[in-house]
Amino acid sequence: MSRPCPPRCIPLLVLLLILAGVAGCSLGDGTEPLTPTPVEAPTVTDTPAPDTEPVGWQPFPTPPTEPAVVEVIELPGPPEPGLAPEAIALLGDHAYVANAGSHNLSILHEGTVRAVLPLGEGPYHLVPDAAREQLYVLDRFGQSVTVVADDEIVGQWPVPGQPAAGVVVGDHLWVGLVSGELLRLDPATGQVVEPAPPSVDGMVQNLAIAGERVLVGAHRELALYDPETLEPVVRQPLSGYRAWAVAGTTVYLVTDDLETGASWLERWDIATLEPLRRLQVPDDTGALWADRERGLAVLAGVTSHRLYLLDLGTGALLDETTAGLGPRQLVHDPATDRLYITHAESHTVAVLAPEDLTLLETVPVALQITALAPGPEAGSLLVGLNRGEIRLLRREGPPPTDESSVVWPVGVYPGEVAYMPALDLVAVLDRALGELLLINRQGAIARRYDTGPEPRGLFVDAAHQRLYAGDLSLDWATEEAETLQV
């Protein structure tokens, strides 16, 4: 019996089999071997060397470590921004606006910001003094009074406490403090004049002249003071003070019912401080103006951004609108019959006609870009501004001005903007009005749709011919709109 081949013999056997196969292919079936076909020798030519050396391995470009500014487009606006305007006062033909966000005072004249003055910490209360042609700015946390005359700061006085309200009464400036104390200051020197009137219950919210008396509104009471004896003539408790408006022999109060949580507009007799009647109003009412002769009142909702026009006789709602975001204070100019309203969130002052709330003008104390999108032309840009307009800017040409720019006044606060090539229209989503506006190249409104309050988000779906704006879905081919449910 033969022994099996050990493992080391296997490679040798494989090699012998390969050689045998090669020999078989060469000889065929025992015939003559195949003769190879001659091949011409290749021609060798000399190739000149390249002029440059071969490019070797190169590193990837190093990305910039910080953004690079390639172009700056300046837009015309106030000399300095005024952020979160709140308090406002009228003196002569000027409007003075105290800005809580930027701690400065914007001085408005003929619809523009003429000058800006620095202020302290705030919050502020403005007191006009027509007889002396100067303005007093009460700075609560700064515990001071700043005096402004001829668009300049001419004085600053310390106050022994936190001033919250003030009014000029004859030869004295009355100042109410957060502590409830009442002070009288000399309007020439700022010195405290003794004696001081008795304190009220709670923080002083407002002061006003009521005939021959001084009306004091505190958080928990309403009081009438005699300016000669400095003693309170009448005192009435309040459930919760928010705002007031003095109109002739009547004071209108916005108060809170602490038991039910409801908000009321109350009418009180200014001589006796007797409540006469009341009307329930929106819970976010934070400011008002009233005209007893015309029987009208304007209320401002600080969170809903709505302005309400009421008939004081019947309590009926005559009209409502939105003129900006976050209304804070209303003041009426009897010389021009115009109503000025500060809007803290849109950084604007709106000017309206009080009889029907027609928006006459929007003055930005800080120019704010609210929306950006590519324009209808190559190199153009659509810019939304907080004064209720869309500007079409082009990269070619001189810097834009109010005269040279293409300006489309539209809405109140354009929060989103987009160009729709299929319709050659510009879609504008107005956050203040809660509307979707489609405008043509002439700035005319071609279509208008209601959305939910304070809508956000604008998307053009060209593939499906749909436009999404806030909670609105619009099929622009059929013009059918529906509200999205999440």
So, do Trp476 and Val460 sit near enough that their side-chain heavy atoms are less than 4.5 Å apart? yes

Measure from the side-chain N and O atoms of Asn386 to the backbone N and O of Ala366, and report whether any donor-acceptor pair falls under 3.5 Å. yes

Please check: side-chain N/O of Thr342 versus main-chain N/O of Ala87, any donor-acceptor pairing under 3.5 Å? no

With a cut-off of 3.5 Å and sequence neighbours excluded, list every side-chain donor-acceptor pair involving residues 349-356.
| unit_1 | atom_1 | unit_2 | atom_2 | d |
| --- | --- | --- | --- | --- |
| Asp356 | OD1 | Thr358 | N | 3.2 |
| Asp356 | OD1 | Thr358 | OG1 | 2.9 |
| Asp356 | OD2 | Thr358 | OG1 | 3.1 |

Of all heavy-atom pairs between Val302 and Pro327, which one has the smallest distance, and what is that distance? CG1-O, 3.3 Å

For His94, ring-ring contact (aromatic ring centres under 6.0 Å, His included) partners two or more places apart: His109

Mind checking whether Leu90 and Pro128 have side chains closer than 4.5 Å, heavy atoms only? no

Side chains of residues 442-451: which donor-acceptor partners sit under 3.5 Å, not counting sequence neighbours?
| unit_1 | atom_1 | unit_2 | atom_2 | d |
| --- | --- | --- | --- | --- |
| Arg448 | NH1 | Glu435 | OE1 | 2.7 |
| Thr451 | OG1 | Gly434 | O | 3.0 |

Can you tell me which residue pairs pass the salt bridge (charged side-chain N to carboxylate O under 4.0 Å, His left out) test with a partner in residues 137-148, sequence neighbours excluded? none

Run the side-chain contact (heavy atoms from CB on, under 4.5 Å) check on Arg391 and Val407 step by step: do they pass? CA-CA 5 Å; Arg391 289 196 175 214; Val407 181; 3.9 Å; yes

Hey, is CD on Gln236 packed in by over 12 heavy atoms from elsewhere, all under 6.0 Å? yes

Measure the CG-CG distance between Asp257 and Asp283 for me, rounded to the nearest 0.5 Å. 11.0 Å

To the nearest 0.5 Å, how far apart are CD in Glu361 and OG1 in Thr112? 8.5 Å

Could you tell me the separation between the CG atom of Leu299 and the OG1 atom of Thr285, rounded to the nearest 0.5 Å? 5.0 Å

Give me the atom names and distance for the closest heavy-atom approach of Leu393 to Val383. CD1-CG2, 3.7 Å

Expected output: side-chain Trp408 to main-chain Arg441 donor-acceptor under 3.5 Å: yes

Pairs in or reaching into residues 164-182: which pass side chain to side chain donor-acceptor pair (under 3.5 Å), with residues at least two apart or in two chains? Ser179-Glu181

Sort and list the pairs that fulfil side chain to side chain donor-acceptor pair (under 3.5 Å) and have at least one residue in residues 305-319, not counting sequence neighbours. His305-Glu454, Arg306-Glu320, Arg306-Thr322

Side chains of Asp284 and Ser304: is there a donor and an acceptor less than 3.5 Å apart? yes

Show every salt bridge (charged side-chain N to carboxylate O under 4.0 Å, His left out) that has at least one partner inside residues 100-121, sequence neighbours left out. Arg114-Asp151

Which pairs would a plain distance check flag for residues 192-215, meaning a side-chain donor or acceptor within less than 3.5 Å of a matching protein atom at least two apart in sequence or in another chain?
| unit_1 | atom_1 | unit_2 | atom_2 | d |
| --- | --- | --- | --- | --- |
| Asp201 | OD1 | Arg220 | NE | 3.4 |
| Asp201 | OD1 | Arg220 | NH2 | 3.2 |
| Arg213 | NH1 | Asp226 | OD2 | 3.1 |

Ser473 and Arg466: side chain donor to acceptor below 3.5 Å: yes

Looking at residues at least two apart in the chain, or sitting in another chain, which of them share a side chain to side chain contact (heavy atoms under 4.5 Å, CB included) with Leu279? Leu310

Would you mind listing every ring pair (Phe, Tyr, Trp, His ring centres under 6.0 Å) that reaches into residues 316-342, with sequence neighbours excluded? Trp289-His332

side-chain contact (heavy atoms from CB on, under 4.5 Å), that's the test. Do Leu177 and Val175 meet it? Break it down for me. CA-CA 7 Å; Leu177 305 182; Val175 176; 4.1 Å; yes

Whether Arg292 side chain and Thr249 backbone form a donor-acceptor pair below 3.5 Å: no

Under 3.5 Å donor-acceptor, Thr146 side chain and Gln156 backbone: no

Within a strict 4.5 Å, meaning less than it, do heavy atoms of the Leu472 and Leu484 side chains meet? no

When rounded to the nearest 0.5 Å, the distance separating CD of Glu80 from CG of Leu117 is 9.0 Å

State whether the side chain of His343 and the backbone N or O of Gly326 hold a donor-acceptor pair below 3.5 Å, judged by distance alone. no

Walk me through whether Leu105 and Leu135 qualify under side-chain contact (heavy atoms from CB on, under 4.5 Å). CA-CA 11 Å; Leu105 181 74; Leu135 178 81; 4.1 Å; yes

Looking only at heavy atoms, which two atoms of Ile390 and Pro414 are closest? And how far apart? CD1-CB, 3.8 Å

Separation between OG1 (Thr370) and CD (Glu416), nearest 0.5 Å, reads 8.5 Å

Nearest non-hydrogen partners of Pro376 and Ser380, listed with the distance: N-OG, 3.5 Å

Distance col, row Thr362:OG1 vs Leu359:CG, nearest 0.5 angstrom, shows 4.0 Å

May I have the step-by-step check of side-chain contact (heavy atoms from CB on, under 4.5 Å) for Thr250 and Ile270, ending in yes or no? CA-CA 5 Å; Thr250 305; Ile270 207 166; 5.9 Å; no

With Ala371, which residues qualify under side chain to side chain contact (heavy atoms under 4.5 Å, CB included), at least two apart? Val417

Test item: Asp471 side-chain N/O and Thr483 main-chain N/O as donor-acceptor pair under 3.5 Å: no

If you define the side chain from C-beta out and look only at heavy atoms, does anything of Thr272 sit under 4.5 Å from Val234? no

Are Leu222 and Val216 packed together at the side-chain level, in the sense that at least one heavy-atom pair is separated by less than 4.5 angstrom? no

Asn99 side chain to Ser102 main-chain N or O, any donor-acceptor pair under 3.5 Å? no

Testing the basics here: between Arg394 and Leu392, what is the closest heavy-atom pair and its distance to 0.1 Å? NH2-CD2, 3.7 Å

4.5 Å side-chain heavy-atom contact, Leu318 and Leu296: yes

Residues in ring-ring contact (aromatic ring centres under 6.0 Å, His included) contact with Trp264, at least two apart in sequence or another chain: none

So, does Ser263 use its side chain to make a donor-acceptor pair with the main chain of Val281 at under 3.5 Å? no

Closest contact, heavy atoms only, Ala344 versus Glu86: CB-CG, 4.5 Å

Hey, does Leu173 have a side-chain heavy atom less than 4.5 Å from the side chain of Leu183? no

Measure the shortest side-chain to side-chain distance between Arg387 and Thr348 over non-hydrogen atoms and say whether it is less than 4.5 angstrom. no

